[in-house]
Amino acid sequence: MTNIVQNAEAVLERLVDPILGVDFKTAKMIRAVDLQADGMLNVTLRLGYPARVEGGKRAAEAEAALSAAGIKAVVKVEQEIIAHKVQGTLKVLPGVKNIIAVASGKGGVGKSTVAANLALALMHEGANVGILDADIYGPSQPTMLGVHEAPDSKDGKTMEPVESLGLQVNSIGFLVKEDDPMIWRGPMAAGALQQLLKLTNWRDLDYLVVDMPPGTGDIQLTLAQTVPVTGALMVTTPQDIALIDAKKGLRMFQKVGVPILGIVENMSVFVCPCCGKATPIFGEGGADNMSREYGVPVLGRLPIDPNVRQAADAGIPRVAQAPESASAQIFREMALRAAGAVALLGKDYSAKMPPVRPLERK
Ligand code: ADP
C-alpha cells in the first residue's frame, strides 16, 4: 500500500511548476500524500505564490499526471506566501511579508502604470496587497487608483493606509499639494519616504509594491540601501537611452544586495487598430539583450495600448477595469512570474530570532 504513496510522490516530484520553472520537489510544494481507507489518495500541495487562479490549474495538472500513472487522487492546493529575506542586515517590516520595488532608470517609461497594474494583478491572483507611491517627482498613484483623501491617523503618529480597489495605499502625493514642487534634498526626501513606509499601519500584506522614484541618484541609492526590499523589478522601454539608464538602476540594486526579479519591457510595440500591423516604435530586442547580459528574466512585454493609458487616467487601472483584456492578461502573467521569482528566494528568519540580551554577570 505504501508503494502507492511512494509512486505518487515520485510522479509529483518530477512535475514542473510553470510559474516557478522548477520541479515540485525543488520548490518544496508537496505537503502531504495520504492514502485513504477506500484506496483514494489525498494530496496537498503548497503554493508560495498567489493561488486563486493557479491553484486549480496545479491541482488539475497533478491529478492528470497521477491518473496517467494509474493513481486515483484528489489534489488540494494551499496558498502559503511567506516572508523572504531582505538585503543586508535590514529587517522585514511588520505587517508586510515582501516588498517589491518597481524601479526605472528614466521617468516616463510606464513605471507607475506597471506598479499599479502589478499590485492589482497580484491581488486578482489571490494575494493581500498594498502599494506605496514613493515617486517624489510625480506621485501618480492617487490619480491612477482614484483616491484623493489623505490617510487617517488614529493616534496622531501613525497612518492608516487608504483603501482603494481592494489595495492598501499610501502615497507621498497625499502629503503634498498636487502643484507643489518637490524641492527636498536627497536625505530629506529619503527620510520622508522612510517615514511614509514605516509609519503606515500596513495590515497583513503578502506584497507591498513600492513605486520608486525614477533614476539612480542619491535618493534612489539611499532607498535601495534602507528599505527592506525582497526584490526589484526594472521597467524600461526598448529604446537605447532608456535601457542604458535601466542597466544603471539594475546594477545599483545588485550592488546593495537586492535581487532583481526581472525586467518589464513597456511600450514594446504599437499594434495598429486598423490593420493589426505591429510597429516597434521604440526599437526591438533591448530587454532581451539586457536579460542576457545580466542573467535576469524578462517578466513581460507590454504593447502601447491606449486602453492602458485611459484606464490609468480614469483611476481604475486596466487589470481592475477589464481583467480578461489582452493587456491585463500580460500584467497578470507578469505578476505571477514576479511572485514566482519571490517564492524562490531565501526565507526570512529574522522575525524568529530571539532578541539579543546582554549576559547577566554572576
Ligand atoms: P513613469 O512612472 O515611468 O513616469 P507612467 O506610468 O506615469 O510613467 O506612464 C507615463 C504615461 O504613459 C502615462 O500617461 C501612462 O498612462 C502611459 N502609459 C504607460 N504605459 C503605457 C502603455 N503600455 N500603453 C499606453 N500608455 C502607457
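From a predicted model like this one, the values you see are computed outputs, not experimental measurements. For ligands, and for the atoms within them, numbers begin at 1 and follow the listed sequence.
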Chemist: Would you kindly say whether Asp155 and Thr158 are connected by a side-chain donor-acceptor distance under 3.5 Å?
Modeler: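 There is such a pair between these side chains.
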Chemist: Quick one: look up the protein heavy atom nearest atom 8 (O) of ligand 1 and list residue, atom name and how far away it is.
Modeler: Gly110 N, 3.0 Å
Chemist: Has Pro303 got any heavy atom lying under 4.0 angstrom from an atom of ligand 1?
Modeler: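 Yes, Pro303 has heavy atoms under 4.0 Å from ligand 1.
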Chemist: Please work out whether any backbone atom (N, CA, C, O) or any side-chain heavy atom from C-beta onward of Val235 is under 4.0 Å from ligand 1, and answer side chain, backbone, both or neither.
Modeler: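 Neither part.
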Chemist: So, are Arg31 and Glu80 salt-bridged, with charged N and O less than 4.0 Å apart?
Modeler: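 Salt bridge between Arg31 and Glu80, a charged N being under 4.0 Å from a carboxylate O: yes.
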Chemist: Checking the N or O distance criterion of under 3.5 Å, is ligand 1 in contact with Val308?
Modeler: no
Chemist: Decide whether an N or O pair under 3.5 Å exists between Ala312 and ligand 1.
Modeler: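 There is no such contact.
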Chemist: If I apply the N/O under 3.5 Å rule, does Ser104 come out as touching ligand 1?
Modeler: no
Chemist: Is it the case that the side chains of Ser268 and Glu265 hold a donor-acceptor pair, with the cut-off being a distance below 3.5 Å and no angle test?
Modeler: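 Glu265 vs Ser268: donor-acceptor pair found between side chains.
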Chemist: Does the side chain to side chain contact (heavy atoms under 4.5 Å, CB included) test come out yes or no for Leu336 and Glu125, once each step is laid out?
Modeler: CA-CA 8 Å; Leu336 280 171; Glu125 299 297 326; 3.9 Å; yes
Chemist: May I ask you to check whether Glu78 and Thr44 show a side-chain donor-acceptor distance below 3.5 Å?
Modeler: no
Chemist: For Gln254 and Arg251, which I'm curious about, is there any donor-acceptor pair between the side chains at under 3.5 Å?
Modeler: no
Chemist: Flag atom 11 (C) of ligand 1 as yes if some protein heavy-atom distance to it falls below 4.0 Å, otherwise no.
Modeler: no
Chemist: Do you know which of Leu118, Thr113, Leu165, Val114 makes side chain to side chain contact (heavy atoms under 4.5 Å, CB included) with Pro317?
Modeler: Leu165
Chemist: Can you report which non-hydrogen protein atom sits closest to atom 18 (N) of ligand 1, along with the distance?
Modeler: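 The closest one turns out to be Met267 CE, 3.9 Å.
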Chemist: Run through Thr230, Asp204, Leu132, Leu205 and flag the one making a side chain to side chain contact (heavy atoms under 4.5 Å, CB included) with Val96.
Modeler: Leu205
Chemist: Does Ser112, backbone or side chain, put an N or O under 3.5 Å from an N or O of ligand 1?
Modeler: yes
Chemist: Does Phe174 form a side chain to side chain contact (heavy atoms under 4.5 Å, CB included) with Val147? I'd like the steps, not just the answer.
Modeler: CA-CA 9 Å; Phe174 292 141; Val147 273; 3.7 Å; yes
Chemist: Between Asp206 and Tyr49, is there a side-chain donor-acceptor contact under 3.5 Å, judged purely by atom types and distance?
Modeler: no
Chemist: Any N or O on Lys111 sitting closer than 3.5 Å to an N or O of ligand 1?
Modeler: yes
Chemist: Quick one: does Thr113 get an N or O within less than 3.5 Å of an N or O on ligand 1?
Modeler: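 So ligand 1 has an N or O lying under 3.5 Å from an N or O of Thr113.
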Chemist: Does ligand 1 have a heavy atom under 4.0 Å from the side chain of Ser327, from its backbone, from both, or from neither?
Modeler: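 For Ser327, there is no contact with ligand 1 at all, from either part.
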Chemist: For atom 20 (N) of ligand 1, what's the nearest protein heavy-atom neighbour? Residue, atom name and distance, please.
Modeler: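 Residue, atom and distance for the closest contact: Asn266 ND2, 2.9 Å.
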Chemist: Which residue and non-hydrogen atom of the protein lie closest to atom 4 (O) of ligand 1, and at what distance in Å?
Modeler: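 Result: Gly108 N, 2.8 Å.
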Chemist: Quick one: which ligand 1 atoms are inside 4.0 Å of a heavy atom on Asp305?
Modeler: 22 (C), 24 (N), 25 (C)
Chemist: Consider side-chain hydrogen bond (donor to acceptor under 3.5 Å, both in side chains). Of Asn201, Thr200, Asn170, which one does Glu160 pass it with?
Modeler: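 Between Glu160 and the candidates, side-chain hydrogen bond (donor to acceptor under 3.5 Å, both in side chains) is satisfied uniquely by Asn201.
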Chemist: Students should be able to answer this: which protein heavy-atom is nearest to atom 16 (O) of ligand 1, and at what distance?
Modeler: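 Its nearest protein heavy-atom neighbour is Arg309 CG, 3.1 Å.
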Chemist: Using distance alone, decide if ligand 1 has a nitrogen or oxygen within less than 3.5 Å of any nitrogen or oxygen in Met144.
Modeler: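 The answer is no, given that Met144 and ligand 1 share no N or O pair closer than 3.5 Å.
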